[in-house]
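Basis for what follows: all heavy atoms, side chains included, without hydrogens, waters or symmetry-related copies. Here the structure is a predicted model, which is why all the values come from computation and not from measurement. In listed order, ligands and their atoms are each counted from 1.
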Amino acid sequence: MAIMEYYLDPYIVLNEVFGYADFRGDQSNIISHIVSGGDAFVLMPTGGGKSLCYQIPAIIRSGVGIVISPLIALMHDQVRALHQLGVRAAFLNSTLSFEDAMYVEKQMLNNELDLIYIAPERLLNERTLRLLDKCSPALFAIDEAHCVSQWGHDFREEYLKLSTLHERYPTIPRIALTATADSTTRKEIVERLNLSNARTFIAGFDRPNIQYHIVCKKNSLQQLLKFLETEHPDDSGIVYCLSRKKTEKVAQFLVEHGMNALPYHAGMDAQERKCNQEKFLREESVIIVATIAFGMGIDKPNVRFVVHLDLPKSIEAYYQETGRSGRDGLPANAFMTYGLSDVVMLKQFIEQSDADEQHKFIKRTKLNALLGLCETTACRRKVMLSYFGEDLPDRCGNCDTCLKPVEDWDGTLAAKKALFCVYQTEQRFGAVYLADVLTGSTNKRIGQFGHDNLKAFGGGKELRAEEWLSVFRQIVAMGLLSVDIEYGSLKLTAASRNVMKGKQEVRLRKDPKPEKQKRQKKQKKKITGSVQGGLLFEKLREIRLGLAKEADVPAFVIFHDSSLGEMAEICPITTEEFAGITGVGKRKLEKYGKIFIKAIRQFCRENKTSGIKAVHA
Ligand code: ADP
Ligand code: ZN
């Protein structure tokens, strides 16, 4: 029978069940608010610790806590991770057999569950609602609440109907959670979920452990390879691409270079897709090359990098996608390659889509904000946080523009020349051709079109063709040129005029030159500082892998890397010492304490250190 029934104090649950010493940020306030029956709207970045905000109240309040999530594929692992902690949890979704679903329903009726994860469509069918009537829910947690936003990238029709929960169960507390922070989406969530009386908790959105790099695209595959070889040998991470085909091509390329890379996209065979996701979650050093179909709710804590080989759709999307790295709080990298072709393609996508004008307008605005981020000479983090309405007082010191400041230059004349070149060639060409004209290239087509007679021909020899491409990219990003929907040629806009007439100044960014000499391969970052600690850490990892295989769960469900790191540093050799490790709660102490303590003791004997004192002496 359950160990859960007698908990009343959130701190005790935090310590004994989850094995954590303290609450983070607003967790404690949110939990008290829900425990006492209030509604809450929680905005917290990925990795901020949203789950505890509903898990602990569900354990404390009587009845079962209902967690609504669109992420059916993850429910199984979420529930198993809770079982590891001794929490009575289950899920109800379309992957369960009829018998299994009946069993879960019976558990609900008998008050044998603390938490149940349900897909929204399942929750809202009459049968489930009748079941809920009979078992008095402890709370409703609406996870990934931004799915109600029709302008967002993860819209789910069924989420709109969740507002009815409040009408049917007015006294049951509701908590809506999301990591998507922009103010339009916030408003939509409050309106559509009927949360105007809920208390809002907004956490700081900064993720200081993630280092941001946005670089100009040269040869993105080689750039990717170099990044992985120098920064992340043997790490797990995600590489995002725009098209399904490209994910396969890139994965193949990485495999040919000796890496363990797997593709993931919505067009794959469902079984294979699931298998690749599973491998990513469970094994070490797996790189998943995916479209944005991958990742919502992926809570693998030790994703060490997220790469974008193509532009994401908006700053929100970028922040959310990169936010999947470094959930464990250890250093992580976000790396993006970006070029004019991306801008052209995304602009064409928007204009060609069937969306109505209002929808297109929003998409354009979002894309422009993203381009601003790519082209900025200011701190990347500052730009992103200010987009979410948060003010970072100083430069962050942990993004490319902070680490290696980028200069800007007076590009007024260059922009003017570029625009006149577009004008003289009758707005029918793309940037590569235009750069050739400006530099007076021997490109045969120029002669064929008679463009070697233009004033623009050879009129921009002060810059190299590559530098002109950078000018074009930036003035397109600024809206001084638009992109032809059909052919991708560059066209003048209403904004071009002022620059052509010399009435407007243009500041441009000096794109940093790629580093020439090969950087030394980085030593794999050790979680623990000392050599001995490193050896013990590897040993503990082996033990963890064995236990994970036995229990058929991902390794981090047994213990996170950070817990193993703490063990390797502190060398706990008594039960008491072991219980003090972050992430060791009662159940895990019972289940795994002996095994790990034995291994640590043996290690200390063989290496002639005797636990805490020797290591710290
Ligand atoms: P989110 O859902 O907000 O992305 P999670 O709830 O998955 O984040 O939490 C992120 C990580 O932080 C998890 O590994 C979780 O166990 C850990 N965590 C959350 N709260 C605490 C805490 N108070 N102390 C230590 N670790 C915590
Ligand atoms: Zn910065």
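- Across the listed options Ser51, Gly48, Pro45, Ser51 owns the non-hydrogen atom lying nearest to atom 2 (O) of ligand 1.
- Rounded to the nearest 10 degrees, the angle SG (Cys399) to the Zn ion (ligand 2) to SG (Cys402) equals 100°.
- Looking only at heavy atoms of the protein, atom 9 (O) of ligand 1 is closest to Gly49 CA, 3.5 Å.
- Between Thr582 and ligand 1, a contact under 3.5 Å exists for no N or O pair.
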His76 vs Phe91, ring pair (Phe, Tyr, Trp, His ring centres under 6.0 Å): CA-CA, chis, key distance, verdict: CA-CA 7 Å; His76 190 63; Phe91 64 87; 5.8 Å; yes
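- A donor-acceptor contact shorter than 3.5 Å links the side chain of Asp342 to the backbone of Gly339.
- Under a cutoff of 6.0 Å and an axis angle of 45°, Lys300 and Phe556 do not form a cation-pi pair.
- Of all the atoms in ligand 1, the ones that sit under 4.0 Å from a non-hydrogen atom of Arg327 are 1 (P), 4 (O), 7 (O), 8 (O).
- Atom NZ of Lys591 is surrounded by more than 12 heavy atoms from other residues, nucleotides or ligands within 6.0 Å.
- Remark: ligand 1 atoms within the under-4.0 Å shell around heavy atoms of Asp22 are 22 (C), 23 (N), 24 (N).
- Salt bridge annotation for Asp552-Arg282: present, with a cationic side-chain nitrogen under 4.0 angstrom from a carboxylate oxygen.
- Distance from atom 16 (O) of ligand 1 to its nearest protein heavy atom, with residue and atom name: Tyr20 OH, 2.5 Å.
- By the 30° and 60° cut-offs, the orientation of the rings of Tyr592 relative to Phe559 is perpendicular.
- Here is the list of ligand 1 atoms found below 4.0 Å of a heavy atom in Leu52: 20 (N), 21 (C).
- Look at Glu144 and Arg156 and you find no salt bridge, because none of the NZ, NE, NH1 or NH2 atoms lies under 4.0 Å from a carboxylate O.
- Of all protein heavy atoms, the one closest to atom 20 (N) of ligand 1 is Gln27 NE2, 3.0 Å.
- Close approach of ligand 1 to His560 (heavy-atom distance below 4.0 Å) involves ligand atoms 14 (O).
- Proximity to Thr46 (heavy-atom distance under 4.0 Å) selects the following atoms of ligand 1: 4 (O).
- Among all protein heavy atoms, the one lying closest to atom 12 (O) of ligand 1 is Arg24 NH1, 3.2 Å.
- When the heavy-atom distances from atom 10 (C) of ligand 1 to Gly47, Cys53, Ser562 are ranked, the shortest goes to Gly47.
- Short contacts between ligand 1 and Phe23, defined as distances under 4.0 Å to a heavy atom of the residue, involve ligand atoms 23 (N).
- Residues Leu14 and Leu52 form a side-chain contact, since some pair of their non-hydrogen atoms from C-beta on lies under 4.5 Å apart.
- Remark: side-chain polar atoms of Lys382 are not paired, donor with acceptor, to backbone N or O of Cys396 under 3.5 angstrom.
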